[in-house]
Structures are given as structure tokens and as C-alpha cells.
Engineer: 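Okay, here's the structure, questions in a sec.
Numbers restart at 1 for each chain; the letters A, B, ... are given by sequence-line order, proteins then strands.
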Amino acid sequence: MKNQVAKLLSQALQQLTADAVIPADGIPVPVIERARESRHGDFACNIALVLAKSARVRPRELAEKLVAALPQNQLVERVEVAGPGFINFYLTADAYHRLVPQAIEQGHSFGRSDIGRGQRVQVEFVSANPTGPLHVGHGRGAAYGAVVADLLEAVGFDVHREYYVNDAGRQMDILATSVWLRYLELCDQELVFPSNGYKGDYIWDIAATLHREHGAAYSHPVDELFREIPADEPAGGDKELHIDALIARSKGLLGDNRYRFVFELALNVILDDIRDDLALFGVTYEEWYSERTLTESGAVNRAIEKLRSMDQVYESSGALWFRSTAFGDEKDRVVVRENGQHTYFAADIAYHMDKLERGFERVIDVWGADHHGYVPRVKAALEAMGDDPSRLDVLLVQFANLYRGGEKVQMSTRSGSFVTLRELRKEVGRDAARFFYVMRKCEQHLDFDLDLAKSHSADNPVYYVQYAHARVCSVLRQAAEKGISAEPSPGTENLDRLTEEHEKALLSSLSRYGELVETSAINKEPHQLCQYLRELANEFHTYYNAHQFLVEDGRLRDARIKLILAVQQVLRNGLNLLGVSAPERM
RNA sequence: GCCCCCGUAGCUCAGUAGGAUAGAGCGCACCCCUCCUAAGGGUGAGGUCACACGUUCGAAUCGUGUCGGGGGCACCA
């Protein structure tokens, strides 16, 4: 609808350019917006105000000329120049009416578009280290990333969802060692568990699996394991040195293959759990990309060599540094440590290089806000390698705070008192969790009210929207019971009977849906969709209270049934994009 | 110290690429089912858009500065 108005204006602009009223250079794309007030018509455009200066014509005069140059169109009833030079468009009733059969016939595809033109875009999200279950912080990234991906797909992008699995590195070694130590305890050995190890119950579970399936086959005397290991922090030593020494000793005692076995077991159990958890949350991926394959395939070395060949790295005090300051970073960053191991950052450079090499035109990373310091250096690396850093879009998601009974739920990884995503899902349900997570802009701190998310009341936005959908279903059931056919008449037949203000408001909202999906997708702002659905549901509920749908007058009844069928479809499509169910009854 | 985000109604937040009289929900005060689910609806009170200066025909929106809140600044992952 908006696009059609914009097209008309573009044609008028071309006409005026040909007539030399407007200078040919630098004509902006006309910005059409929804009029905020009905007395300003349906759409408004400020192009005359914008162009007045360069055309050296008074805004109102320019507006008049544009209006005169507008081609005829059956959607537009009349056009007015108002205020300082706004052009207001008043659309015909038919322009709105034709949306109703469209929504009903197009069903699931109503509101979708192809503005993405099949461009390949990768969305990487969650990517939590597989060292334990996902917690509520990851949940927000999961919900947000999933909806952004779905929105982009809905507007015609070729979306590739990816989870980057950090299956290499020290944290994973700490995990493997933690599991093995717990296993040794299950083999009736006594030891002091390292303060820096993973202490969650799930570590015991994995150790128990190892013990159940392999008995004491992986057991070693503990005194051998701890012999001459530097003291742990509680014993007055350094927890990092302590755990690193334990890892090295574990590898030595178990040997490569057996250590690998414990490592893989831990990794697979946790990764399966994460995968399962996300799937139950309605979040799925096209690909789980292993960090290890990045090293094994030589991509990391290749990235480093690429930087070297472009003279973007230098050696200093035994390490290899990337000149990220040359690209706006605040300090240079190490890519290969003094001990010869590459840093996590080096793998990240390789990963992003690989993403672009795989042919994605746009790459979106969803990160926790605590990683924001990472953005400049990753972009710097892409630029240094000769890529366009603007192809990478990093979306930072702020943390979510849970509230229960008006009190903030205290969470800290250290004390092990963090709430897992699974627990949250169990408590408030998938629908509420998905909706609440994306209700706010991602850069906004999120206050997640658990009581509200659980409440079955109008205060709860999820139920409110779902209830509107269920109510439509209920009306249709009611019709069936009364022996009234809810089968709508073809096309726009009878829709001219919709003359109530409530009905016009609903038609107007329906006409906004497509635009809304587009702006939500382009701006990566799912909260706009939440907001919209709430408004649409509100208009429906108001309508429901004010008017009977299943009236005696068959033509009016048909028109109303068609209208609510269209509303039902849009509610369903919108909820579906959010990963929230649209129940038939509640 | 440097960097990022935020500051709009009592509370939680919108404000659609600067636009015509700043919006919603909650809370508060009233009111509405002999009627398709009251898990609903309506009416009302409530704002110096943190502050100052600047850009513009026009600023909650853009720029600079100040104040206030949150987060980040590893040869960790």
C-alpha cells in the first residue's frame, strides 16, 4: 500500500524533473509515512519540504505541482496539500477492502515480501560455550536471534542460522578435567576439587555416565594426579596455575586417546543438551559450526598468513600482534601467544573471514553486550584483510533480569545460582518466554517479570494477543453450532458494509502489517512486531465488545466474518514469526 | 582514565530513516456481560521528552557539553 503511494510520487517527481522544476541531481527517495491523524489522510509525504530549497520553490507551491503531476490511481481517492507543504493522501475504501480477501487467501504468506531479493545473510546467535546448560541470559539471545532470522526470511532474505561451537580452548579442557575429577570421586577416591573447575550437578551426571559405562577403566591414583601440582587459591596458591597444571597432568596420565574420549563425552553430552533445549524453545539452526574444524582446516593459519602478507601483524616480546589500532581499535591485539598458541581472537578472525568466503552478503552476529569491546577489533580484522566491515552487523543484546514477587532474582555463575533457560521455560512456558524476551529493544536492559509472564490475565501481553486469536476461533465455532456458514464470500463482496469506526481501525491496522514486518526485519527490531500485535489485539477486543459479529443480516455478517478471518490470519502470522503459538481455544 | 548503551506519565516502555496537538500497558478513580470466553471493553486524572547550547522552515529524534544509571576495557574463553 505504502509502496504503491511511493511509486506514484516517484512518477510525479520524474515528471517535474523532466519539466525542469526540480534539479535532476540528488532527488531523494520520497519518504511516505502513515499519517498520525485521520484528518491528515492515510499517508503523508514531506518531500516538498525537503526539496523546496534546492528547487528554489516555496514548499506549498512545489507540493501543488507534485500533486498536479500525480498519475491517476484507483487506490487514491484524493490528495491534499496541507500545513507547511505536506502532501496528504486519502485512499479509497476499496484500497483497504481488497486486503481482506488477500489475507484470507494468502494465509501464511500474507505480509511476507521479497525486498531481500534472495540475498544470502548469515545470522549467528547464542554460540554459548558448551561448558554447561544455557541460562536465561543466553535465552534472550536465542529468542532475539531466532526472530530476527525469521523476520529476515519473511522479507525475502536467504537466511542461514548458525551456532558457533567453541569446542576448542582452555575452557573445554577445564570442563573435561572437571568431569574426570568427578569420575575419580565416583571411583571412591578422595580429592579436593579445584576452585576453578566446573561444579554444576551436570558435571556429576556426565562423570556418572562414564563410570556406569566404563567402570574403573579410566581411574588413576589421585596422589599421582596431584603430585607437585601448584597450590589452589584456597590453599594460598593461584587457581589458574593450579587448574592448568591439573589439565596437563590429566592429559599425561590418560594419554591422548583416553583424554580425548572424556573430552568428547563431556562436549557431546552438553552440546546435545543445548541442542535439545533450544529445539524445545523453537530455535533451530542450519549449521553448528565447530571452532575446532577452523583450526584443523588451517583456516586460522591462513587468516594469520593473510594478515602477515598484508603487513598487518608484527612480532613483539615473543607474541604476534595485529595492528588493529590502524583501523580504529584502541590497542593492538595478540593473535599468537608467546607459547605459540593462537588466541581466541585469531580463531574469530578466521571464522569471520570464513563467513565472508562462504559467500554471505551480509553477516549478523548476535552477542551479549559484555562482548561489545570485541566489535572494533573484529571489524578491524575484516578491513585489514581487504573486506568491507560494513557487511558485518553486530547486534548486542543486553542482559535480562528476572523478577519474582517484585524482587530481583539474584544470579551469579560463581555461586551456581543462575537460572537455566530450561527452568525458565518450565516455569513460564515457551510462549511467554519467547514473547517477553523480544518485547524490548535488544540494547535495552530487560526486566523479565516472571509473575506477569505466568499470569492468565489481560495484563500479560502474550495471553492478551493469543486470546484475541482464540476468540476469533471461538466465534467461528459458535457460527458452526448455530448452523451459520463461516465460509466467506469471494473477493471484496459485502465489505462495503463495514462502516463502523472499529472496523475501519482494524482495516487500517491490517494494511500496516506488511510494512511493519519489513521495518521490524530491516531494523532487526522484533519488539515492533510485539507492539503491533498488542495493538491489533486491542482493536479486535474493542470491536468484539462493541459489536455482535454473528448478526441476522447475512451480508453484514459475511463482511464481519471476513474481517475477523483476516485479523485471525495476521495474528497467527505475527505470533508465528515470534515463535509463539496461536491457540484455537484458551 | 578510555569506550559502548540508556535517561519520555508514579512504574515498565513505544515513538515507524527530524514533521503537523508526545503514545501504550500497569497502577490509581469511576463504569460496562438477560449479548459470539470479563483471560474482555470504556471513561478520567497524570509529561519542562534529564539539563544547556547549537544545526534546521521544524528536534523527544541530529551535534557538542554537563549531570545521573548500567556495562565493558586480558598473551581468558
Engineer: Look at the side chain of Met586(A) and decide which nucleotide, out of A20(B), A39(B), C26(B), has an atom nearest to it.
Structural biologist: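 Nucleotide nearest to Met586(A)'s side chain: A39(B).
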Engineer: Considering only residues two or more places apart or on different chains, which pairs with a residue in residues 325-334 of chain A satisfy side chain to side chain donor-acceptor pair (under 3.5 Å)?
Structural biologist: Tyr314(A)-Asp332(A), Ser324(A)-Asp329(A), Thr325(A)-Asp332(A), Asp329(A)-Arg333(A)
Engineer: Using the side chain to side chain donor-acceptor pair (under 3.5 Å) criterion, which residues pair with Gln4(A)? Sequence neighbours excluded.
Structural biologist: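 Result, side chain to side chain donor-acceptor pair (under 3.5 Å) vs Gln4(A): none returned.
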Engineer: For A20(B), does the base pair up with any side-chain atom of Asn88(A) as donor and acceptor (N or O, under 3.5 Å, distance only)?
Structural biologist: yes
Engineer: Applying side-chain contact (heavy atoms from CB on, under 4.5 Å), name anything that partners Phe86(A), two or more places apart in sequence or on another chain.
Structural biologist: Asn46(A), Leu49(A), Pro84(A), Asn88(A)
Engineer: Reading RNA chain B from 5' onward, which residue's closest nucleotide shows up sooner: Arg477(A) or Arg333(A)?
Structural biologist: Arg477(A)
Engineer: Of the candidate nucleotides C76(B), C75(B), A20(B), which contains the atom at the shortest distance from the side chain of Gln171(A)?
Structural biologist: C76(B)
Engineer: When every nucleotide of nucleotides 2-18 of chain B is labelled 5' to 3' by its protein contacts under 4.0 Å (heavy atoms), B for base, S for sugar-phosphate only, - for none, what sequence of letters results?
Structural biologist: -BSSS-----SSSSB--
Engineer: From the set G41(B), C75(B), A77(B), return the single nucleotide nearest to any side-chain atom of Trp321(A).
Structural biologist: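 Within the option list, the nearest is C75(B).
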Engineer: Got a sec, which residues hit side-chain contact (heavy atoms from CB on, under 4.5 Å) with Glu383(A), two or more places apart in sequence or on another chain?
Structural biologist: Phe327(A), Pro389(A)
Engineer: Counting distance alone, no hydrogens or angles: does the base of A77(B) have a donor or acceptor under 3.5 Å from a partner atom on the side chain of His371(A)?
Structural biologist: yes
Engineer: May I ask you to check whether Tyr532(A) and Tyr513(A) place their ring centers less than 6.0 Å from one another?
Structural biologist: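 Yes, close enough.
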Engineer: Scan every strand shown for a Watson-Crick or G-U wobble partner of A38(B), both distances under 3.5 Å, and answer none if you come up empty.
Structural biologist: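 Check on A38(B): unpaired, no WC or wobble geometry under 3.5 Å.
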Engineer: Holding to ring pair (Phe, Tyr, Trp, His ring centres under 6.0 Å), I want the full list of residues that pass it with His371(A), two or more places apart in sequence or in another chain.
Structural biologist: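 Ring pair (Phe, Tyr, Trp, His ring centres under 6.0 Å) list for His371(A), sorted by chain: empty.
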Engineer: Kindly indicate whether the side chain of Ser317(A) and the base of C75(B) share any N or O donor-acceptor pair separated by less than 3.5 Å?
Structural biologist: yes
Engineer: Counting only Watson-Crick or G-U wobble pairs whose two distances fall under 3.5 Å, which nucleotide matches A17(B)?
Structural biologist: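 A17(B) is unpaired by these criteria.
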Engineer: Given G27(B), A77(B), G42(B), identify the nucleotide with an atom nearest to the side chain of Thr542(A).
Structural biologist: G42(B)
Engineer: Establish whether the base of A38(B) is bridged to the side chain of Tyr544(A) by a donor-acceptor pair shorter than 3.5 Å.
Structural biologist: no
Engineer: Report yes if at least one side-chain N or O of Arg471(A) is closer than 4.0 Å to OP1 or OP2 of A39(B); otherwise report no.
Structural biologist: no
